[in-house]
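In what follows, a structure is listed as C-alpha cells, so that the remarks can point back to it.
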Amino acid sequence: MGNSLQDQLLKMGLIDEKRASEARKSKGKKDRTTRKGKPATPDANAERVRKAQVEKAKRDRELNEKRVAREERKARAAQIAQLIDQNRISRDEGDLPHQFVDGKKIRKIFVPQAMRRDLV
C-alpha cells in the first residue's frame, strides 16, 4: 500500500529510472517556487501593474495640465507688462488734458497734441 504510483510504474517497467527522477525534480521545483511566495496567477499581477500604469499616466496628465496652465498665466502677465511698458506716456510730454471714463470714475491724463487729435 505504501508504494507510490511512480514506484509501481517503475516495477512494471512502463517508465525507466531517468523519467522517474525527472518527474520528481520538476515536482520539487514547482513546490519550491510556490513556497517562495511567487504568485500562482500571473494575470492578477499583470492586472495590478496595468492598473498602476493607468493611474500614473492619469496623474502625470493632470500635473502636466496644471503646469501648462501656470506657464500660460505667467506668459500672459508678462505680455501685459510689456504692453504697458511700451505704451507708457511720460508725464512731461503731455501738454493737453484728456479725460476718460474708468469704471465709475472720470480720469484725466495729459497727452501731446498729436495723440489728443487721434483720441478725439
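- Listed by first then second residue, pairs satisfying salt bridge (charged side-chain N to carboxylate O under 4.0 Å, His left out) with a partner in residues 99-113 read Asp102-Arg107, not counting sequence neighbours.
- Closest approach of Leu119 and His98 over heavy atoms only: CD1-CD2, 3.7 Å.
- Applying the salt bridge (charged side-chain N to carboxylate O under 4.0 Å, His left out) test to Glu17 and every residue at least two apart in sequence or in another chain returns Arg24.
- With sequence neighbours left out, Asp16 forms a side-chain hydrogen bond (donor to acceptor under 3.5 Å, both in side chains) with no residue at all.
- The heavy-atom pair separating Gln113 from Asp95 by the smallest distance is N-OD1, 4.2 Å.
- Applying the salt bridge (charged side-chain N to carboxylate O under 4.0 Å, His left out) rule to pairs touching residues 110-120 yields nothing, sequence neighbours excluded.
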Report the C-alpha separation of Ile109 and Phe100 in whole Å, then their side-chain angles, then the decisive distance to 0.1 Å, and conclude whether the side chain to side chain contact (heavy atoms under 4.5 Å, CB included) test is met. CA-CA 8 Å; Ile109 60 170; Phe100 62 97; 3.9 Å; yes
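- Here Lys58 pairs with Arg61, Glu62 under the side chain to side chain contact (heavy atoms under 4.5 Å, CB included) rule; sequence neighbours left out.
- In this structure Asp60 satisfies the side chain to side chain contact (heavy atoms under 4.5 Å, CB included) test together with Lys56, sequence neighbours excluded.
- Evaluation of the side-chain hydrogen bond (donor to acceptor under 3.5 Å, both in side chains) rule for Arg50 yields Glu47 as partners, not counting sequence neighbours.
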List the atom pairs, with distances to 0.1 Å, where a side-chain N or O of residues 68-89 and a protein N or O form a donor-acceptor pair under 3.5 Å, not counting sequence neighbours.
{"from": "Glu71", "atom 1": "OE2", "to": "Arg67", "atom 2": "NH1", "distance (Å)": "3.1"}
{"from": "Asn87", "atom 1": "ND2", "to": "Leu83", "atom 2": "O", "distance (Å)": "3.1"}

